[in-house]
Amino acid sequence: MLADYLTPATIRLRVGADGWPAALQQAGNLLVGAGACTPGYVAAMVEAVETLGPYIVLAPGLAFAHARPEAGALRLGASLVTLDPPVWFGAAENDPVAVVVAFCTCDDQGHIELLAELAHLLGDAQRHTRIRAAEDADEVLAVVRRAGQG
Amino acid sequence: MHQLRIMVVCGFGLGTSMILKLKLDSVLRASGLQATTFCADMTTGPGSAYDLVVTSHDLLPRFQQDHRPAIAIRNFLSEAEISEKGLPVIRQLLQVER
């Protein structure tokens, strides 16, 4: 299922971002490009961190960006951006961030399987390292495929 | 019999708490322990009925004034960390239930 959403169109690697808002926008714009959400949703993702702090940095080096569906989700979607150099989000223990996953969904239930697959994909240290080091989307997709078999 | 209620709280919306809940459910299954887990954010969480809250370091202080146990997880994807920090507390709470 994850391979339906993480495609060469929704993966960008070794991106240079000037600060965390730009990093989130890079990931969010991939969702817009895929027709998964509106630019308003991307703005809401940035605003959420502005208001609440970097709660989205939920593991060392990893940010999981999302906003409420009402902010402009059009359908289920996911994107992945790796940052080079890593970016500081102000998340004491888990900074700096090298992988940003952006996510959107229209309903509360349909996305659980996708979230579980993302958690499974990125929860493995080796897979996380491979994704961070990847130079092209095919490398990432190979990791996604192997994770789906495991 | 009252089943243990574990509330998983993150700052906003349900995406991040859902991930933590999925990992916590996996840890509970692996250890054969029974509990009800549910997600909340800071608007719905405080005031809910729960026996244990699992949250991030940022939010932990908000729950520490309460008499109920609260634990903070640094890495929401780490079943090892969730097991290490959560299982002793959960086992103890389950013993008290009996």
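All chains are named by letter (A, B, ...) in the order of the sequence lines, taking the proteins before the strands, and each is independently numbered beginning at 1. Predicted model, so just to flag it, every value in this text is computed and none were measured.
One finds the CG atom of A:Leu58 at 10.5 Å from the OG atom of B:Ser17 (value rounded to the nearest 0.5 Å). How far OG1 of B:Thr16 is from CG of A:Leu115: 9.5 Å, rounded to the nearest 0.5 Å.
Annotation for B:Arg62: atom CZ does not count as buried by contact number, only 12 or fewer foreign heavy atoms lying within 6.0 Å. Counting heavy-atom neighbours within 6.0 Å of A:Asp4 CG, excluding the residue itself, gives a total above 12.
Of the listed residues (A:Ala116, A:Ala48, A:Ala92, A:Pro60), the greatest number of heavy-atom pairs within a distance under 4.5 Å of chain B belongs to A:Pro60.
At least one side-chain heavy atom of B:Leu22 sits under 4.5 Å from a side-chain heavy atom of A:Ile112.
Residue A:Leu52 touches chain B through its side chain alone, counting heavy-atom pairs closer than 4.5 Å. Heavy atoms of A:Ala119 lying under 4.5 Å from chain B belong to its backbone as well as its side chain. For chain B, the nearby part of A:Leu62 is the side chain; its heavy atoms alone come within less than 4.5 Å.
Annotation: side chain to side chain contact (heavy atoms under 4.5 Å, CB included) contacts of B:Gln34 (sequence neighbours excluded): B:Gln3.
The cluster map of Ile, Leu, Val, Met, Phe, Trp and Tyr, joined by side-chain heavy atoms under 4.5 Å apart, puts B:Ile19 and B:Leu60 in different clusters. Note on B:Val8 and B:Leu4: same hydrophobic cluster, where clusters join Ile, Leu, Val, Met, Phe, Trp and Tyr whose side-chain heavy atoms are under 4.5 Å apart, directly or indirectly. Criterion: ILVMFWY side-chain heavy atoms under 4.5 Å apart, direct or through other members. Under it, B:Leu94 and B:Leu28 are part of a common hydrophobic cluster. One hydrophobic cluster, built from ILVMFWY side chains closer than 4.5 Å, cannot hold both A:Tyr5 and A:Leu74; they sit in different ones. Under the 4.5 Å side-chain heavy-atom criterion for ILVMFWY residues, a single connected hydrophobic cluster contains both A:Val143 and A:Met1.
Of residues 69-88 of chain B, those residues with a non-hydrogen atom less than 4.5 Å from any non-hydrogen atom of chain A are, in numerical order, B:Arg74, B:Asn75, B:Phe76, B:Leu77.
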